[in-house]
Amino acid sequence: MAGPAARRRGSGPFVLACLLPALVLFVLFMIVPTVNVFRMSFYTWSGFSPDMRFVGLDNFVRLLDDTQFVRAFQNTVALLVVVTVVTMGMGLFLAAIMTRQRLRGRTLYRFVLYVPSVLSVVVIAAIFSALYDQENGLINGTLRLLSLDGLRQVWLGDQDIVLWSLAIAMVWQSLGYYMVLYMSGMASIPEEVYEASALDGASAGRQFFAVTLPLIWQNLRTTLTFFVMSAVNLSFVLVRAMTGGGPDGSSEVLLSYMYKQAYTNSSYGYGMAIGVVIFAFSFLVSLLVSRATRREPLQF
Amino acid sequence: MTPFTKARTGRALTYVLVTAIALAIAVPVAWVLFASVKRKGEFYGSPWALPEGLHLQNYVDAFVGARMGQYFFTSLLVTVLGLVFVVAVSVPAAYVIARYEFRGRSLVEVALLAGLFVNVNYIVVPIFLMLVDWDRALVDVLPGGFFIDNPGVLSLVYAATSIPFTVYLLTAYFRSIPADYEEAAALDGASRFQIMTRVMLPMARPALTTVILFNFLAYWNDFIIALTLLPGEGKTLQVGLLNLMTAQKAAADYGRLYAGMVIVIVPVLILYALIQRRLIEGMAAGGVKG
């Protein structure tokens, strides 16, 4: 409800003065660019020259035959699935034992696990580049020390491995964030529910599936949307900082390919068409996931 | 096994597992901290060896040679300016959305809500081209360009992109404050502006703190917008670190890179440690406030 001021007369100029700066910035730097992404996807344009031609849906038709685009799409979906399954599983497991088992030093564990969430993606990319360094990185250096040279890999330079190396970095980055989210959901479940099910003879594992999971279901659904967003966006910034899409396009993801087209290749319109596809894709996946996981909300 | 020993082994296993995961997070970060004071020769030995001494030359190299010192101040400037901008425009907007009825209010609310779903990564290219366009239009007045390579403009863009989140959070908080305080202040003859700044703003401190912390991390950690809008010499810390990474690949100059990473990590870690303490204190105090 609006406060008392609303009923006073002559509030118009005050409201306008309060609202205008925020609205101007918002329209200028968010609405207009967003509209431009959609509009430009129907044109061919190099980005800087005045030569701009309307081509309708041509950019989208071209996408279907673009093997590099298809590959970037597959990589994004693969990262989305792998990172979501692993992070969610580990996050739920950790949150459950932290809240249920009352581990000693919980705050310290939580502190450490949440650290990657405050680091920038460039830092994370730099840390993992250091771990993965071919000669003197932590992983290969350790393997050499243990005389396990056979296990050494070119973690970021091998087409078959690079995507997994990225997935590990993504899980490392987001695990603590999701654990904290799930912990806060679980903390609100009353102890009596567990006591009651313990009286019925339910084991800790059984309680997890029969009590904890159903009661934090809404919490879980929300995080699924976050997973879709981060698979698209986090993967891009990591790829951009760590591999540049290489070797030979094997770690290209949708947004990094869009950038490549828009900047390096100066096919601005084509790049924006990719942007529209990513936008539609993440929106649709979020919608589908949200539909598929809809349940009647359970009460305590 | 008796149920008792079984429970104990289970518990021990849990500790081992959780500790292993925590180590997997902590060790890489600690490793970078240690490596940042190693001499060049030490990087070719065992990666687990502790540094032989404090080789602080790496930091001098990073600060001066790689200009991380200069970039540090650009980052600080851009972040602080961005925070000032976003608070200055979002607090009044959130306040009138929460408390005043005006035509188009629901439209504004819906638009801002939709803005929550617009990700910067998509729109930074159009923003860049728009700014290039503006510079071109102004070329007679300002031949050097104004909008590109301008930290002030970068912080405006930061502020703009976080308006939806900031207004959303503040509006919800303002709505949760009872109107009695404003009524009392109005009876005392306070103007609308005074009610907003003297009565409501101090009461919204918890929400304001949250907003500032999250936006601080977003601005300080961003590199995509900074990379695009500051292509010239005046870079931010994150972009500078990215350049160090590229340079290291060519020259194998590890010490400088690790020192650079520490320069980027440490301020955020300190801030995080402070918030963490405050978070726990806040939870303890929350029991009193209810």
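Residue numbering restarts at 1 for every chain, and letters A, B, ... go by the order of the sequence lines.
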key: Interface moiety of A/Phe283 toward chain B, non-hydrogen atoms closer than 4.5 Å   = neither

Heavy-atom contact with chain B under 4.5 Å, split by part of A/Met258 = side chain

Among B/Ala111, B/Ala218, B/Ala159, residue most engaged with chain A (heavy-atom pairs, under 4.5 Å) = B/Ala111

request  = Flag the pair B/Leu17 / A/Phe93 as yes when at least one side-chain heavy-atom distance between them is below 4.5 Å, and no otherwise.
outcome  = yes

A/Asn140 versus chain B, the contacting section by heavy-atom distance below 4.5 Å = neither

note = Heavy atoms of A/Ser120 and B/Gln238 approach each other most closely as OG-OE1, 2.6 Å

query = Can you say whether B/Leu227 sits under 4.5 Å from chain A via the side chain, the backbone, both, or neither, judging by heavy atoms?
reply = side chain

inquiry  = I need the B/Asn119 CG to A/Phe279 CZ distance, nearest 0.5 Å.
reply    = 9.5 Å

key: B/Tyr272 ring center near A/Phe111 ring center (under 6.0 Å)   = yes

inquiry  = Could you check whether any side-chain heavy atom of B/Tyr258 comes within less than 4.5 Å of a side-chain heavy atom of A/Ile127, counting everything from C-beta outward?
reply    = no

note = To the nearest 0.5 Å, atom CG of B/Leu217 lies from atom OG of A/Ser117 at 10.0 Å

inquiry  = With a sphere of 6.0 Å drawn around OH of B/Tyr168, does it hold more than 12 non-hydrogen atoms of other residues, nucleotides or ligands?
reply    = no

query = B/Tyr122 versus chain A, heavy atoms under 4.5 Å apart: side chain, backbone, both or neither?
reply = both

inquiry  = Is it true that, when you exclude A/Tyr114 itself, more than 12 heavy atoms of the residues, nucleotides or ligands shown sit nearer than 6.0 Å to its OH?
reply    = yes

key: Heavy-atom contact with chain B under 4.5 Å, split by part of A/Leu94   = side chain

ask   = Using non-hydrogen atoms only, which part of B/Ile97 is less than 4.5 Å away from chain A: side chain, backbone, both, or neither?
value = side chain

ask   = Is the backbone of A/Ala130 close enough, under 3.5 Å, to the side chain of B/Tyr254 for a donor and an acceptor to pair up by distance?
value = no

task = Identify which part of A/Ala17 has an atom lying under 4.5 Å from any heavy atom of chain B, answering side chain, backbone, both or neither.
result = neither

message = Report which part of B/Leu23 has an atom under 4.5 Å of a heavy atom belonging to chain A: side chain, backbone, both, or neither.
response = neither

inquiry  = As an exercise, state the distance from CZ of A/Phe26 to OG1 of B/Thr161, rounded to the nearest 0.5 Å.
reply    = 11.0 Å

task = Could you go through the side chain to side chain contact (heavy atoms under 4.5 Å, CB included) check for A/Phe29 and B/Ile123 one step at a time?
result = CA-CA 8 Å; A/Phe29 291 116; B/Ile123 58 171; over 6 Å; no

inquiry  = For A/Leu23, which atoms come within 4.5 Å of any heavy atom of chain B: side chain, backbone, both, or neither?
reply    = side chain

remark   = Residue from B/Trp134, B/Phe117, B/Trp220 scoring the most non-hydrogen pairs under 4.5 Å with chain A is B/Trp134

key: Which atoms of A/Ser282 approach chain B - backbone, side chain, both or neither, heavy atom under 4.5 Å   = side chain

request  = Counting only heavy atoms closer than 4.5 Å, note whether B/Val108 contacts chain A via side chain, backbone, both or neither.
outcome  = side chain

query = Taking all non-hydrogen atoms of both residues, which atom of B/Met245 and which atom of A/Ala241 are closest, and how far apart?
reply = CE-O, 3.4 Å

inquiry  = Could you walk me through whether B/Trp31 and A/Leu131 satisfy the side chain to side chain contact (heavy atoms under 4.5 Å, CB included) test, starting with their C-alpha distance in whole Å, then the side-chain angles of each, then the deciding distance to 0.1 Å, before giving a yes or no?
reply    = CA-CA 9 Å; B/Trp31 188 64; A/Leu131 297 188; 4.2 Å; yes

key: B/Pro28 versus A/Trp172, closest heavy-atom pair with distance   = CG-NE1, 4.1 Å

inquiry  = At a 4.5 Å cut-off on heavy atoms, which part of B/Val27 comes close to chain A: side chain, backbone, both, or neither?
reply    = side chain

inquiry  = Could you check whether A/Tyr259 and B/Asn121, counting side-chain N and O atoms only, form a donor-acceptor pair closer than 3.5 Å?
reply    = no

A/Ala262 portion near chain B, given a 4.5 angstrom heavy-atom threshold = side chain

ask   = Using non-hydrogen atoms only, which part of A/Ile97 is less than 4.5 Å away from chain B: side chain, backbone, both, or neither?
value = side chain

inquiry  = Between A/Ser11 and B/Glu101, does the side chain to side chain contact (heavy atoms under 4.5 Å, CB included) criterion hold? Intermediate values first, please.
reply    = CA-CA 9 Å; A/Ser11 60; B/Glu101 286 194 36; over 6 Å; no

key: Trace of the side chain to side chain contact (heavy atoms under 4.5 Å, CB included) decision for A/Val121 with B/Asn221   = CA-CA 7 Å; A/Val121 186; B/Asn221 285 343; over 6 Å; no

request  = Could you grab the distance from atom CG of A/Leu28 to atom CE of B/Met130, nearest 0.5 Å is fine?
outcome  = 4.5 Å

task = Work out which heavy atom in B/Ala93 is nearest to a heavy atom in A/Ala22; give both atom names and the distance.
result = CB-CB, 3.8 Å

ask   = Which bit of B/Val32 comes within less than 4.5 Å of chain A, counting heavy atoms only: side chain, backbone, both or neither?
value = side chain

query = Can you say whether B/Leu269 sits under 4.5 Å from chain A via the side chain, the backbone, both, or neither, judging by heavy atoms?
reply = side chain

query = So what's closer than 4.5 Å to chain A heavy atoms on B/Tyr15: side chain, backbone, both or neither?
reply = both

message = Among A/Leu108, A/Val276, A/Leu255, which residue has the highest count of heavy-atom pairs closer than 4.5 Å to chain B?
response = A/Leu255

task = Under 4.5 Å heavy-atom distance to chain B, tell me which part of A/Val232 shows up: side chain, backbone, both or neither.
result = side chain

task = Please flag which part of B/Thr19 lies under 4.5 Å from any non-hydrogen atom of chain A: side chain, backbone, both or neither.
result = both

task = Might you point out which heavy atoms bring B/Ala26 and A/Val112 nearest each other, and give the distance in Å?
result = CB-CG1, 4.0 Å

request  = Decide if atom CZ of A/Phe38 counts as having more than 12 heavy atoms of other residues, nucleotides or ligands within a radius under 6.0 Å.
outcome  = yes

Top of A/Asn36, A/Val37, A/Val15 for chain B proximity - count of heavy-atom pairs under 4.5 angstrom = A/Val15

query = Where on A/Arg104 is there a heavy atom nearer than 4.5 Å to chain B: the side chain, the backbone, both, or neither?
reply = both

request  = Report the relative orientation of the aromatic rings in B/Tyr100 and A/Phe14; use parallel for angles under 30°, tilted for 30 to 60°, perpendicular for over 60°.
outcome  = tilted

ask   = In Å, rounded to the nearest 0.5 Å, how long is the span from OG1 of B/Thr14 to CZ of A/Arg100?
value = 13.5 Å

ask   = Can you say whether A/Leu175 sits under 4.5 Å from chain B via the side chain, the backbone, both, or neither, judging by heavy atoms?
value = side chain

inquiry  = If I measure from the heavy atoms of chain B, does A/Leu119 come under 4.5 Å with its side chain, its backbone, both, or neither?
reply    = both

ask   = CG/A/Leu19 to OH/B/Tyr95 distance, rounded to the nearest 0.5 angstrom?
value = 13.5 Å

ask   = Minimum heavy-atom separation for A/Val118 to B/Val268, with atom names?
value = O-CG1, 3.1 Å

ask   = chain B heavy atoms under 4.5 Å from A/Thr142: which part of the residue, side chain, backbone, both or neither?
value = both

key: Under 4.5 Å from a heavy atom of chain A, the part of B/Val89 involved   = both

ask   = Contact part of B/Pro164 toward chain A, heavy-atom cut-off under 4.5 Å: side chain, backbone, both or neither?
value = side chain

request  = Measure distances from B/Ile224 to the heavy atoms of chain A and classify the residue's part below 4.5 Å as side chain, backbone, both or neither.
outcome  = side chain

